[in-house]
Structures are given as structure tokens and as C-alpha cells.
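Taking it in order: structure first as C-alpha cells, then the write-up.
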Amino acid sequence: MYNVSMGNAPSQDISSSLTSLEKHERRAHVSDGTNQSLFEETIQLALPSVEALYNPYDPAPLAERSLNPEVESYLCSRLEAGARYAHVHIAMHLPAVACTANTQAVLQQSVNSHFKNAAVDQLIQNSRTTRIWLFRVLFAVVFLGLCLVLAHVCRQRSETTPFFGVLGEGFGIIGWVAIWEPALFFLYGWQQNMRTLRSYMRLHHATVSVVADN
């Protein structure tokens with residue numbers, strides 16, 4: 001995972017985009033001037049121990065570890081099912097013996113830091129994916145143009161040779177098929193990437209509380 005705290009700062013455009021997203025997410029669920037959430041989505045999370053929140057294969061110190069992938073997947077899935085712009089509150093249920101005076105502060109920092117890093121990763125991935133598909137759609141447009149030219153030439157010769165008519169139709173079909181997938185990404189494919197990014201940003205701004213269970 002891309003870790004901002006380790007000095008691998010994102011580029012200026014990535015940092016600017018992340019700041020813009022942060023402002024957007026704050027405006028989405030904060031009322032005018034009161035800094036209070038208009039709506040709140042509470043996610044209940046039961047854990048057998050504090051360590052269960054973290055990825056057991058991450059060698060970093062506990063406070064700097066990434067979250068358990070299963071926990072991340074659960075939080076994101078619950079977020080998708082809830083209100084779109086509600087502020088997120090995560091209520092973590094832990095055994096009473098695992099709760100200390102600073103448990104809530106540590107968990108709050110861990111959750112916010114993890115999802116900010118995840119948002120940076122996703123933002124970089126979205127940028128790279130868009131550039132790749134932009135190149136592909138430009139190539140597909142050129143290829144489509146070439147196919148249409150060949151199809152036109154074949155149709156002109158089809159009056160004397162029927163085979164060229166069939167060949168011309170084939171060139172036309174191949175050209176449109178080549179542009180279909182790049183066009184599909186720019187119409188619909190990018191939306192899932194943006195939903196994932198917004199989910200990470202909402203979880204980055206989430207508040208965490210600890211519930212001590214007996």
C-alpha cells in the first residue's frame with residue numbers, strides 16, 4: 001500500500017485531487033456552519049481483540065499496520081448498502097479486558113490513516129487506468145477509421161466481385177468491435193473506480209468509538 005507517512009509523497013496533481021475529494025466529502029455530510037453531521041451511518045464491528053483489526057501479515061508496528069483485508073471488505077460493503085452521504089461512525093465491540101485508556105485514539109488513527117493511504121492508492125490507480133484507456137480509445141478510433149476506409153473500398157468493388165461486399169462488411173464489424181470496450185470504460189467502467197475512491201474517503205473521515213463487551 002502507498003504510505004504517505006513513509007515519505008513517498010504523491011505528486012502535486014494527486015495531492016491536489018485528494019484535497020479536493022476531502023473537501024467534497026466533508027461538504028457532503030456536514031451541515032452549514034455547525035460542523036455537525038446531518039446524517040450518520042453506524043457500522044457495528046465485533047472483534048475478538050485489537051490485533052484482529054490489523055493485517056496479521058503486515059510486519060509494520062501495530063499502530064502503522066494496514067487493516068485486515070476482511071475488515072476492510074466488510075466496512076466497504078456496509079458502506080455501499082447505507083446512505084450515500086451520511087457521515088460514517090464505526091462502533092468497535094471489543095472484550096473489556098482489551099480496552100485501555102488510549103484504545104479508541106489508536107483505533108481512530110489506524111482507521112483514518114489506513115483509508116487515507118487506500119484513497120491515495122486508488123487515486124493513483126484511477127489516474128493510470130484512465131491514461132491506459134485513453135491511449136486504447138485513440139488507437140481504436142484510428143483502427144476504426146482504417147477499417148471504414150477499407151470497407152468503403154471493398155463496397156466500391158463489390159459490384160463486379162461480390163466477395164468484396166462480404167469483406168467490406170467484415171471490416172466494418174471489426175472496426176466497431178475494436179472501439180466497443182474502450183468506449184464502454186468511458187461510459188460506465190470508471191464509475192466503479194470512483195465509487196471505491198469515495199468509499200475510502202468516507203471511511204477516512206469516519207469516527208471510531210469503542211464498546212467494551214463483557
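Values below: all heavy atoms of this structure, side chains included; hydrogens, waters and symmetry mates excluded. Here the structure is a predicted model, which is why all the values come from computation and not from measurement. We count residues from 1, following the sequence as given.
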Legend entry - Step-by-step side-chain contact (heavy atoms from CB on, under 4.5 Å) determination, Phe139 to Arg136: CA-CA 5 Å; Phe139 177 82; Arg136 290 178 179 176; 5.6 Å; no
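- Counting non-hydrogen atoms of neighbouring residues, nucleotides and ligands closer than 6.0 angstrom, the NE2 atom of His93 exceeds 12 such neighbours.
- His89 meets the side chain to side chain contact (heavy atoms under 4.5 Å, CB included) test with Glu40, Thr42, Ala91, Thr207, Ser209; sequence neighbours excluded.
- When hydrophobic clusters are built by joining Ile, Leu, Val, Met, Phe, Trp and Tyr residues whose side-chain heavy atoms come closer than 4.5 Å, directly or via intermediates, Val211 is not grouped with Ile43.
- For Asp58 (side chain) and Ser66 (main-chain N/O), a donor-acceptor pair under 3.5 Å exists by modelled atom type.
- Defined by atom type and a distance below 3.5 Å, a donor-acceptor pair is present between the side-chain atoms of Asn112 and Gln108.
- Phe115 approaches His204 most closely through the heavy-atom pair CB-N, 3.7 Å.
- For the residue pair Ala96 and Ala212, the shortest heavy atom distance occurs at CA-CB, 4.1 Å.
- Linking ILVMFWY side-chain heavy atoms closer than 4.5 Å, directly or via other members, places Leu75 and Leu47 in a single hydrophobic cluster.
- Scanning all heavy atoms of the two residues, the minimum distance from Ala119 to Leu197 falls at O-CD1, 3.3 Å.
- Listed for the Arg202 side chain is a donor-acceptor partner under 3.5 Å among the backbone atoms of Ala86.
- With respect to Tyr200, the side-chain hydrogen bond (donor to acceptor under 3.5 Å, both in side chains) criterion is satisfied by exactly one of Gln122, Lys116, Glu72: Glu72.
- Across all their heavy atoms, Pro48 and Pro95 have their closest contact at O-CG, 3.2 Å.
- Considering CG of Leu79 and CZ of Arg198, their distance stands at 12.0 Å, rounded to 0.5 Å.
- Using a 4.5 Å cut-off on side-chain heavy atoms (C-beta onward), Leu94 and Leu107 make contact.
- The OG1 atom of Thr130 lies 8.5 Å from the CG atom of Leu134; values are rounded to the nearest 0.5 Å.
- For His114 against Leu67, the heavy-atom pair with the smallest separation is ND1-N, 3.1 Å.
- Using a 4.5 Å cut-off on side-chain heavy atoms (C-beta onward), Ile90 and Leu203 make contact.
- In this structure, Leu144 is not a member of the same hydrophobic cluster as Val149, with clusters built from ILVMFWY side-chain heavy atoms closer than 4.5 Å.
- Residue Glu70 places its CD atom among 12 or fewer non-hydrogen atoms of other residues, nucleotides or ligands, all under 6.0 Å distant.
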Inset, instruction - May I have the step-by-step check of side-chain contact (heavy atoms from CB on, under 4.5 Å) for Val111 and Met92, ending in yes or no? - result: CA-CA 11 Å; Val111 169; Met92 294 192 181; 3.6 Å; yes
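- Side-chain atoms of Val88 and His205, non-hydrogen and from C-beta on, never get closer than 4.5 Å to each other.
- Crowding of Tyr74 atom OH: a count of heavy atoms from other residues, nucleotides or ligands under 6.0 Å exceeding 12.
- Here the OG1-CD distance, from Thr196 to Glu80, works out to 7.0 Å after rounding to the nearest 0.5 Å.
- Using modelled atom types, one finds no donor on one side chain facing an acceptor on the other under 3.5 Å when comparing Ser199 with Arg195.
- Between the side chain of Ser127 and the backbone N or O of Leu123, no donor-acceptor pair lies under 3.5 Å.
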Would you list the atom pairs, donor with acceptor, under 3.5 Å between side chains in residues 170-189 and any protein atom, with sequence neighbours excluded?
none

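- Listed here is the closest heavy atom pair of Val208 and Gln104: O-NE2, 3.1 Å.
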